[in-house]
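Okay, so here's the structure we're looking at.
As the structure is a computational prediction, the values presented were derived from the model and not from experiment. In this chain, numbering begins with 1 at the start of the sequence shown.
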Amino acid sequence: MTDRKFFTQKALAFSFVTAMVMVGIEVSPWIAFFSVGLLIWKWGVENLKWKSLSKKVTGILSIALLVQILLQFRTFIGQEPSYTFLLGLSGLRVMDYRNERDHRFLVLLGFVLVSVKALFSLDIYWIIPSALAFAGLWYSLLPSDLPQKGKVLLKVFALSAPAAVLMFFAFPRVVLPWAMSRGSNTGQIGFSEELNPGNVAELAGVSTMVFRAKLSETGIKNGENLYWRGSVLPYSRGLSWRPGALGLRASEQKAETSDGKFYEIALEPHSNTYLFVLDGTSEVQLEQGRTMSLNGDIYRSARPIMTTTVYRAKWSENKKDALAPDEDYLRTPELRGRVLEWVEQTKNTSAGAEARLLALQELFAKNDFTYSLNPGVYGGPNDLEAFLFYRKRGFCEHFAGAYATLARSLGIPSRVVVGYQGGRYNPMGDFWRVTQRDAHAWVEIFHHGVWQRVDPTAWVAPLRLVIGAEDFFNLSEEDQKVFARNVEWRPSKDSGITLWDRAEFLMDDLNYRWTYFLVDFDRSSQKNFWQSLADMKIQLILGLLFVGVLGVLLFRSLFRTKGLVSEERVLFLAVQKWAEKKSQPQESGETPLHYLARLADEYPQQREALLDIGQFIDQKAYAGTEAKFPSQQLLTQWKKAVEKSS
């Protein structure tokens, strides 16, 4: 048997490569280049007579691939390890493609690639490429001699659609935690509850989405006031801060506020337990699973967030954390050099907390600090001194860490909060989209009996808070430096919403609605759905009858005369339908060939076409050889013969 060529199987090649691309954008560059290299090599083998890899070599490479995955990820379970293995295996199997067995295996592997992509990503953007790949894989499975393969495939999909819809509404959602693991501690959003110089800036350098939030009930329209708490850091090392055991909030600390309003968050998976909430949140309701309320107004899920998760939270503008701090919130590392001199001088010249807080504000507001995503490397025992008095260049984490350390040294209990600030408002969907670029750190001080927010970025680069991280970091570094303190200035494009902005808002809104629908339709939603149908008994019966009749009509229209599996059957039925109108039905026991010969004798004008059709059926159905003329040409010839006689 002649070897098959992968790239001549156009439906398979297009669909399989599309599935590989969908998975390839999620993996490390090395495996993507490896797979692309194998595809190029296979194309060269088939078109340029390059030497192919033997199955022994591809087998050795498969084992090496498994070893590399184990060394890189320390596990085979999770999104990136599974993606890496499937992509590498796909490239190797394309290299081995030679016969029908390989063809069917690639189709099966293609279905796995499409399914795994759907398992980890619910974004609406992948519907079209996934559907094209899925349809193409099915198309490549149909026999090459099957007539009108596209119509046959369309019929199959049309008839299977009702069953798919029924399964969605009737079968419960099943989540396999071990299958949904993303294979890393930081996960997709990369959030970390440690503050190291450059750590938050590194997160803010990418635009991966973290969550979407609907704040309609709260009435908040200004992104400048949106501070999303992720974690509280109580242990100072100067510019670096570390988390500690916050402990569960006491019952009296969790009392609900009567004037609270609810907002809703759809959080992307991150393989950890962080739940991001607005400052002023007093209660969190997770739709699936249990939440933990910790001191510092911090919330955690009892289980890692492995899939897109929706939760509701209660917020009040007047909600304040009044839990008194202990002595840990005054501890600082050993201060030295100009930092120690400034602290001692401020203590001597500023008697009370108000005066010392004012001195702190003036230090950051009047010393030409530069806010930058690329502040350079800080380290060593004098990093705080280097930042405050020499280099004066940093990101929000540097200003927050330095401020909180100095506040403690002046006798003011302080802590650093890490999370996100602001977001991009989508007016079409009425929600806020928060990405990694909105990563932020700020300070809370215990003053007048409550914890109060202080954000040093508001003195150094208030424009960042006013226009949002995305617009601010899209500016050149020179513009950031020049306009950072000018809260009235706006980028030139900010004069209005462009057509591109509207298209982007629309797509983001559609994606949000689609994702939310899939995530929110859980077991309780299914139960409510069927209960609502049960309450509408008459309407339900009429609806089922209508759907049943529609299904029967659809089935009959699709398969009344065209439920065919061969080309010869198509031709014979076309002749039979015409002959029955001439009152010349096929007699009992009469073979198709005898029937066609009889019609040829009785109708001279159609004789040539009838004899050609009979020869075609004889060669295809009985002799098993290739026919002289293709079926489509004979069908056209028959139609012309019929039209000529009418």
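The ring pair (Phe, Tyr, Trp, His ring centres under 6.0 Å) test with H398 is passed by exactly one of Y378, F364, Y403: Y378. Tested against F276 for a ring pair (Phe, Tyr, Trp, His ring centres under 6.0 Å), the candidates Y227, Y263, Y420 yield a single pass: Y420.
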Test side-chain contact (heavy atoms from CB on, under 4.5 Å) applied to Y371 and F395, step by step: CA-CA 5 Å; Y371 188 83; F395 194 56; 3.3 Å; yes

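For the pair R437 and F473, the cation-pi criterion (under 6.0 Å, within 45° of the ring axis) is not fulfilled. A cation-pi arrangement is present between R338 and Y390, with the terminal nitrogen or guanidinium carbon under 6.0 Å from the aromatic centre and inside a 45° cone about the axis.
For the residue pair Q421 / D455, no side-chain donor-acceptor distance below 3.5 Å is found, with atom types taken as modelled. R393 and S372 form a side-chain donor-acceptor contact under 3.5 Å, judged by distance and modelled atom types alone.
Judged as a salt bridge (charged side-chain N to carboxylate O under 4.0 Å, His left out), and not counting sequence neighbours, the contacts of E334 are R336. Every residue two or more places apart in sequence or in another chain was checked for a side-chain hydrogen bond (donor to acceptor under 3.5 Å, both in side chains) with Y235, and none qualifies. Residues passing the salt bridge (charged side-chain N to carboxylate O under 4.0 Å, His left out) test with R312, sequence neighbours excluded: none.
Between D297 and K319 there is a side-chain heavy-atom pair separated by less than 4.5 Å. I445 places a side-chain heavy atom less than 4.5 Å from the side chain of L357.
The aromatic rings of W442 and H440 sit parallel to each other, their planes meeting at less than 30°, with 60° as the upper class boundary.
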